[in-house]
Structure formats: C-alpha cells, structure tokens
Amino acid sequence: GENVEQHPSTLSVQEGDSAVIKCTYSDSASNYFPWYKQELGKRPQLIIDIRSNVGEKKDQRIAVTLNKTAKHFSLHITETQPEDSAVYFCAAGNNNDMRFGAGTRLTVKP
Amino acid sequence: GAVVSQHPSWVICKSGTSVKIECRSLDFQATTMFWYRQFPKQSLMLMATSNEGSKATYEQGVEKDKFLINHASLTLSTLTVTSAHPEDSSFYICSASYSTNEKLFFGSGTQLSVL
C-alpha cells in the first residue's frame, strides 16, 4: 500500500517569508496529490491539489510541485501571513484510496 | 462547494456505552465515505472505507466489531463505537467523495471522550 512521509514536522517562519513542506510517497500508481490545512479542532480543508499529469500548479500564494520520477511533491507558500499558521497535511493515492502524511505544524510569526 | 455534515461535534460517555456518529453529504451523493481517527497532534489515520449498500472495508488493526459502519444511503454513513472504553477517546472525522472524483470533503469531526 501507499506510504507517505512528510517533512518537516514543525516549521516556523517570519511573516512575509516563504514556507516549503515536502512529501514523498511510495506507490508509483498514485495519481492524485492534495494538500490540506487543518486548524486546531477543525476539519481539514483542501487548499490545493495536483494530478500526476501535471508538474506544477499555482493558486495565488500557494503552489505545489510534483516529481513523479522521484516520487515527491512539495507545497510552497509565499508571503506568509499569521493566518497561514495551521497544520498542513499532504496526501497521495488514487481511486478514493488516500493516505496522509504525518502533518507539518506551520507557525508564522508576525 | 460540497458540504459534509458530521454530528455530534462532541460527546462524553461512560465506559461500556455505545456512541453513534453520523456523517451526511448535504448537497451531493457520496457513494464512498471514509472514517478517520486523529489523536492530538497526529495525522489522520484511515479506519475504514464505506461504500453505499455494501460492507465497509476496514484497515488493518481496526476492529470491525467495535467500530460498526453503516452506509445505508448515498448521503449518510454512521460510525458506532460499541462498548466504548477510555482508549477509544479521540477525534473522529469522516470524509466523502464523488464516485469518480478523488476530492475529499471532510466533516467537522467528533471529539469523543470516554470516562
């Protein structure tokens, strides 16, 4: 089955700086890679996703890159703001079988 | 966007009682729903995959007789924690997806505390 590893587990940045979170996966058949933001005690919210036929996707300050050969994908947040502080989860899989990374707690200091 | 409603949001119960958690897709038909367990500061651990009209598929290590899942309709799945014990205390979250789309929409979660 799929195994997803996520790094770092915690990340602290200054407001305005960029943040990068990386994930690796094991199953080459995985073709869908979403990222979720979860605030304390709340449901995960999809912030961006990418499919295996695309190498990069951007949505305002958020971007995701995918390297299928190396089986890794990354989340990039530019111009970070205090409200970006949350736990971020990557996931990988297909056909409704998704596995989640361990999460990254991002803290943006004002 | 798609909305998934989960109830209750929190429940406190005595050891040995059973607790039922409901997960509803409000504006779409979800042929597949998922149940997760999340411990504090940890990731979402998939417990089971629930398909409408068929038996749920449980992940390894999850007791199907303890965590009963019923997906009776295209908009409702329930998770019943039977004979709950303190070690079952956790945050339980459901998610749902369209039949041919991997996008997951999450419920708001249920914090279960077993005394």
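Chain A is the first sequence line, chain B the second, and so forth, proteins listed ahead of strands; every chain is numbered from 1. Heavy atoms only: backbone and side chains are in, while hydrogens, waters and symmetry mates are out.
With a threshold of 4.5 angstrom between heavy atoms, A/Gln45 does not approach chain B through any atom at all. With a 4.5 Å cut-off on non-hydrogen atoms, B/Ser108 touches chain A through its backbone and its side chain both. For chain A, the nearby part of B/Leu46 is the side chain; its heavy atoms alone come within less than 4.5 Å. Using a 4.5 Å cut-off between heavy atoms, B/Glu59 touches chain A through its side chain atoms alone. Interface remark: B/Gln38 contributes side-chain atoms only to the contact with chain A (heavy atom separation under 4.5 Å). For A/Phe89, the part sitting under 4.5 Å from any heavy atom of chain B is the side chain, from C-beta outward, and nothing else.
You'll find the ring centres of A/Phe33 and A/Tyr25 inside the 6.0 Å limit.
Applying the side-chain hydrogen bond (donor to acceptor under 3.5 Å, both in side chains) test to residues at least two apart or on different chains, the pairs with a partner in residues 78-92 of chain A are A/Arg61-A/Asp84.
For the side-chain hydrogen bond (donor to acceptor under 3.5 Å, both in side chains) test, no residue two or more places apart in sequence or in another chain qualifies with A/Trp35.
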Q: Could you walk me through whether B/Lys66 and B/Asp88 pass salt bridge (Lys or Arg N to Asp or Glu O under 4.0 Å), step by step?
A: CA-CA 10 Å; B/Lys66 180 165 188 63; B/Asp88 298 324; 2.9 Å; yes
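In this model, a donor atom of one side chain and an acceptor atom of the other lie less than 3.5 Å apart for B/His7 and B/Ser5. For the residue pair A/Gln6 / A/Thr104, a side-chain donor-acceptor distance below 3.5 Å is found, with atom types taken as modelled.
Contacts with chain B were tallied for A/Pro44, A/Gly101, A/Ser9; A/Pro44 has the most, counting heavy-atom pairs under 4.5 Å.
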